[in-house]
Amino acid sequence: MNLSQFRQRGPFEWELPARGSMRVPGVIFASRALIEAMDDKVGEQVANVASLPGIVAASYAMPDAHWGYGFPIGGVAAFDAEEGGVVSAGGVGFDISCGVRSLHTGLKLAELEPVKPRLADVLFRRIPAGLGSTGALRLKALEMTAMLKGGAGWAVEEGFGHPEDLARIEERGCVAGADPSAVSEQARHRQRDEMGTLGSGNHYLEVQVVDELFDRKAAQAYGLAEGDVLVTLHCGSRGMGHQIGTDYLRAMVIAAPRAGIQLADRELACAPLKSELGQRYLGAMRAAINCALANRQILTFLTREAFAEVFPGIRLPLLYDVSHNTCKEERHVLDGQKRRLFVHRKGATRAFGAGHAELPAEYREVGQPVLIGGSMGTSSWVLAGAGGAEERAFASACHGAGRAMSRHEALRRWQGRSVVDELAARGILIRSPSLRGVAEEAPLAYKDVGAVVEAAEQAGLARRVARLRPLVCIKG
DNA sequence: ATGTCC
């Protein structure tokens with residue numbers, strides 16, 4: 001990135017002053033090394049988002065930001081409906097409500113090591129993974145509608161888990177305002193046999209060990225100690241979210257000029273929040289959020305079955321479940337005023353700070369768990385929302401390592417088989433239906449997740465709580 | 001991310 005266009009606000013905060021059609025400045029949170037390594041297109045996309053109607057405060061990018069469809073991945077932008085604000089399908093992304101869920105196993109590393117290969121095989125056998133993978137469930141029309149309204153709560157009622165799971169999920173497992181009637185027949189059709197599947201790309205299920213603690217008080221509140229084994233899922237709303245994104249992007253491209261919105265880039269297609277199309281998209285997107293939450297709940301059920309096969313009687317309670325591709329209606333204080341805003345987070349994690357009423361009581365004193373998936377073979381992180389008087393970027397943080405190169409470039413550089421072998425030599429067992437997928441996800445195709453979370457902490461977005469080291473990875 | 005283009 002060419003840094004001459006930025007004004008440095010602090011060591012980890014770079015402002016792109018408003019110019020041309022920009023209504024607000026752009027702000028990128030990153031170390032000098034991270035922002036220098038970012039593509040210039042990230043800056044262009046941050047500026048493009050800043051030009052959309054009704055945007056408030058600034059167009060933000062997180063330390064893991066990279067080029068995306070319209071909005072950067074790692075982008076955060078909030079809009080006020082009363083000021084002509086918009087909602088954008090590209091601002092949420094195609095994998096609606098993709099997110100991370102971590103489970104405690106109650107096991108210590110020494111108990112896991114002897115059974116690691118067997119556990120990897122059992123998980124791989126029981127968790128449907130890969131492009132086009134299907135689950136054991138086939139939803140009829142009425143069940144689909146109930147799932148889209150009920151989210152993880154629906155899945156628990158169907159027997160995929162326990163009511164106490166719900167307290168540890170963002171929105172208690174079900175977002176309000178879902179409108180199944182705004183979801184196309186095609187989207188329903190694509191999803192009917194994909195519940196309880198991991199998908200492909202960067203989606204995975206990983207068994208991890210707590211390697212190092214950075215904040216003992218928060219770790220204690222989260223129930224984390226060094227040597228503890230966790231399981232983490234990273235996946236989203238599968239074909240459902242993708243089809244809803246496709247359907248509404250198309251409609252928004254047509255509708256935007258008619259609503260008098262000039263688009264710097266067709267990929268920024270959006271609709272006013274106060275329009276029928278904007279409201280229908282919000283209803284459909286919320287249905288997709290519930291679909292992703294139900295999907296992660298069913299995957300949790302399958303994970304529990306797999307673990308119970310190796311460790312009879314084991315329980316896997318939730319640490320937390322948080323999404324990183326959403327548009328959420330939230331209240332934030334801006335210049336001393338309470339505002340109702342629609343916050344787009346695309347590859348960015350909600351990170352509420354201590355004291356937020358939405359958090360489970362046991363986490364309220366330390367802030368929301370912010371679950372950060374690393375790249376395959378590298379560390380993952382548990383952060384805590386910083387929040388409070390220092391709330392920044394509408395209480396958002398990074399979401400992962402962020403790609404450093406394209407999938408195409410990764411395929412040119414690495415062979416899936418050798419990636420699997422090299423990781424196995426380091427004690428990390430990969431199971432995947434796609435060696436090509438493994439090559440695309442090679443660890444070095446991503447930024448250094450440690451540098452990303454350090455920048456997030458230094459920028460005041462979240463605090464580091466625990467680093468997790470991978471042991472087994474089921475890769476989609 | 002994605003029945004990797006109906």
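No hydrogens, no waters, no symmetry mates; every other heavy atom, side chains included, goes into these values. The sequence lines fix the lettering, A, B, ..., with proteins before strands; numbering per chain opens at 1.
In this structure, the salt bridge (charged side-chain N to carboxylate O under 4.0 Å, His left out) partners of Arg436(A), at least two apart in sequence or on a different chain, are Glu440(A).
In summary, Arg172(A) and Glu358(A) do not engage in a salt bridge, as defined by a charged side-chain N under 4.0 Å from a carboxylate O.
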Identify all pairs in which a protein N or O lies below 3.5 Å from an N or O of nucleotides 2-5 of chain B, and state each distance.
unit_1	atom_1	unit_2	atom_2	d
dT2(B)	OP1	Arg238(A)	NH1	2.8
dT2(B)	OP2	Ser200(A)	N	2.7
dT2(B)	OP2	Ser200(A)	O	3.4
dT2(B)	OP2	Ser200(A)	OG	2.7
dT2(B)	O2	His242(A)	NE2	3.4
dG3(B)	OP1	Arg190(A)	NH2	2.0
dG3(B)	OP2	Glu194(A)	OE1	3.4
dG3(B)	OP2	Glu194(A)	OE2	2.9
dG3(B)	O6	Gln186(A)	NE2	3.4
dG3(B)	N2	Arg190(A)	NH1	3.2

Q.
Checking Glu441(A) against Tyr204(A) for the side-chain hydrogen bond (donor to acceptor under 3.5 Å, both in side chains) test, could you report, in this order, the C-alpha distance in whole Å, the side-chain angles of both residues, the deciding distance, and whether it holds?
A. CA-CA 11 Å; Glu441(A) 293 289 318; Tyr204(A) 60 79; over 6 Å; no
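Remark: the Glu170(A) side chain and the Tyr320(A) side chain contain no N/O donor-acceptor pair separated by less than 3.5 Å.
A heavy-atom distance below 4.5 Å is found between the side chains of Glu329(A) and Arg286(A).
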